[in-house]
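A short write-up of the structure that comes next.
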Amino acid sequence: MSQRIKIKALLESEQTDIEVTVKGWVRTFRNNQFIALNDGSTNSNIQVVVDFENTDQALLKRITTGAAISVSGILVASLGKGQKVEVKAKEIEVLGDSDPEKYPLQPKKHSLEFLREIAHLRFRTSTFGAIFRVRNSLAFAIHQFFQERGFIYLHTPIITASDAEGAGETFHVTNFDLANPPKTESGEIDFSQDFFAKATNLTVSGQLEGELGAMALSDIYTFGPTFRAENSNTTRHLAEFWMIEPEMAFYDLNDNMDLAEALLKYVIKYALDKNAEDIEFLTQRLQEEEKQKPQNERSEMSLLEKLQFCLDNDFERLTYTEAIEILRESTPNKKKKFQYPVEGWGTDLQSEHERYLVEKHFKKPVILTDYPKQIKAFYMRQNEPDGSGRETVRAMDILFPGIGEIVGGSQREERLEKLEQRMDEMGIPKDELWWYLDTRRFGACPHAGFGLGFERLVLFVTGMGNIRDVIPFPRFPKNAEF
RNA sequence: UCCUGAGUAGCUCAGCUGGUUAGAGCAUCUGACUGUUAAUCAGAGGGUCCCUGGUUCGAGUCCAGGCUCAGGAGCCA
């Protein structure tokens, strides 16, 4: 018997009339004769043709949707129209039965909501097969991009004692018996008796630790899980998500933006090359989905076109102040179509404003820089106040159509006095972050970095609408199934 | 967390101003057919109408509370 060959390789095979063995899961079994077999190596199925007149009835009954089978036979040019080649089966073995009365995946369309409830089986659908192959490629491409540029992959801690950054609510990590934690004399929980002898939590960002690495290794990046205990119920937020956080010594904000834009283009290009078939399938899927929508809500470009457009055009770069001017003069603002009218300078942009800039005004990815100081984090480098006394920081957010903020970054404040002054203003405890401040005491230098939300990237590249569909097992409020 | 909408067969849904035996398509099963591609044709089985309480002679339908899901907002990546 020949060795198992994956379906992807089989379909790419130049030879026919050769003996092959394929193994996979039955998608459909039509006409007692044609098995559509998939093994996850590619979006396409291989058609297995069964000589049903000379095959045991009992065996035929066991070839059901979802069953795992092994097929040995001859790869031949297909007699049918839907495929180039097919396998004429000589021998079929059912490796794992699948009771069709109980198997939840039927040979029909299923809603994404239903598939979310059976996330352990949704990998077996064409859509999720495509999504997770693309996700894999994007992850690999990210490492390749940084490795090619001499960045060091730095593993920052998952458990940390610093919740001072203010990036969001944290999940507590403790070894205490929650029904009966040790208390201090004043009745508070006594963390000095806990595993780490202090209160700890799951990381909300590896940035601060990343900066420590960059201050010796020059260019580092992290790529790991991140946790936020925010009660966020949206299509763009997860309680557990993966984040890429590069941090570069001797970079200013422009270098930072150049790197982020190059990274995004590189990984999108990689996925387009590597997963052409999957992206083609996802493009079709999105097109079908958009047919359900009214004409004016459909997007002008297909998924494939959007991705290509992203590669072919420079991202639009402008300052927060310039963006406010555009929004103030915009038609929806003048016609009072915005739910939140654009008036003063200094407040954060609402989703509808970002959407307008990206999807209506520029119609391409946008990088906003130099946000007001009071709406941004303490570690961002402070600009000199402008003529009218407006105080800004060297921040940059990259906004993508349909996604919103995909990257958030900044040049970091490397001047100790400025940093300490800002921490005092914002009530950030300097003593807890003594190690962070040490980098500003010893060999401080200009540096910058950003955070890229991996799932948001996957959302964009796959054209999916809900972030819970681009991570294998999503974690969100009231759900930690699987 | 807030706003809006939804929860009826395995899935997607219909079910009128409350009324007696709750329907359809797909899926499944049985049979026929046998080069199919969402196969086709004939037949069959399949229901905690989300939960709790209330109104009523009578509730899938009305009311209250709760749970869950979806979309939008906020928080952000």
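Keep in mind that this is a model prediction, so the values were computed, not measured. Chain A is the first sequence line, chain B the second, and so forth, proteins listed ahead of strands; every chain is numbered from 1.
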- prompt: OP1 or OP2 of B:rC76 sitting under 4.0 Å from any side-chain N/O of A:Arg456?
  reply: no
task: Just jot down the side-chain hydrogen bond (donor to acceptor under 3.5 Å, both in side chains) partners of A:Glu343, sequence neighbours excluded, or say none.
output: none
query: If the C1' atom of B:rG25 is compared with that of B:rA14, how far apart are they to the nearest Å?
result: 11 Å
- prompt: Are A:Phe454 and B:rA77 stacked, counting the six-membered base ring, centres under 5.5 Å, planes under 30°?
  reply: no
message: Taking 4.0 Å as the cut-off, does a side-chain nitrogen or oxygen of A:Arg27 come that near to OP1 or OP2 on B:rU37?
response: no
Any side-chain heavy-atom pair of A:Phe123 and A:Pro472 under 4.5 Å: yes
- prompt: Is any side-chain N or O of A:His237 under 3.5 Å from a base N or O of B:rC76, one able to act as donor and the other as acceptor?
  reply: yes
- prompt: Looking only at N and O atoms, is any donor in the side chain of A:Gln83 or the base of B:rU37 less than 3.5 Å from an acceptor on the other one?
  reply: yes
- line: Residue set satisfying side-chain hydrogen bond (donor to acceptor under 3.5 Å, both in side chains) with A:Arg475, at least two apart, ordered chain then number -> none
message: Strictly below 4.0 Å: does A:Arg30 bring a side-chain N or O up to OP1 or OP2 of B:rU37?
response: no
message: Can you tell me the base-pairing partner of B:rC41? Count Watson-Crick or G-U wobble geometry only, both distances below 3.5 Å, and say none if there is no partner.
response: B:rG31
field: Short side-chain N/O contact from A:Asn231 to OP1 or OP2 of B:rU1, under 4.0 Å
entry: yes
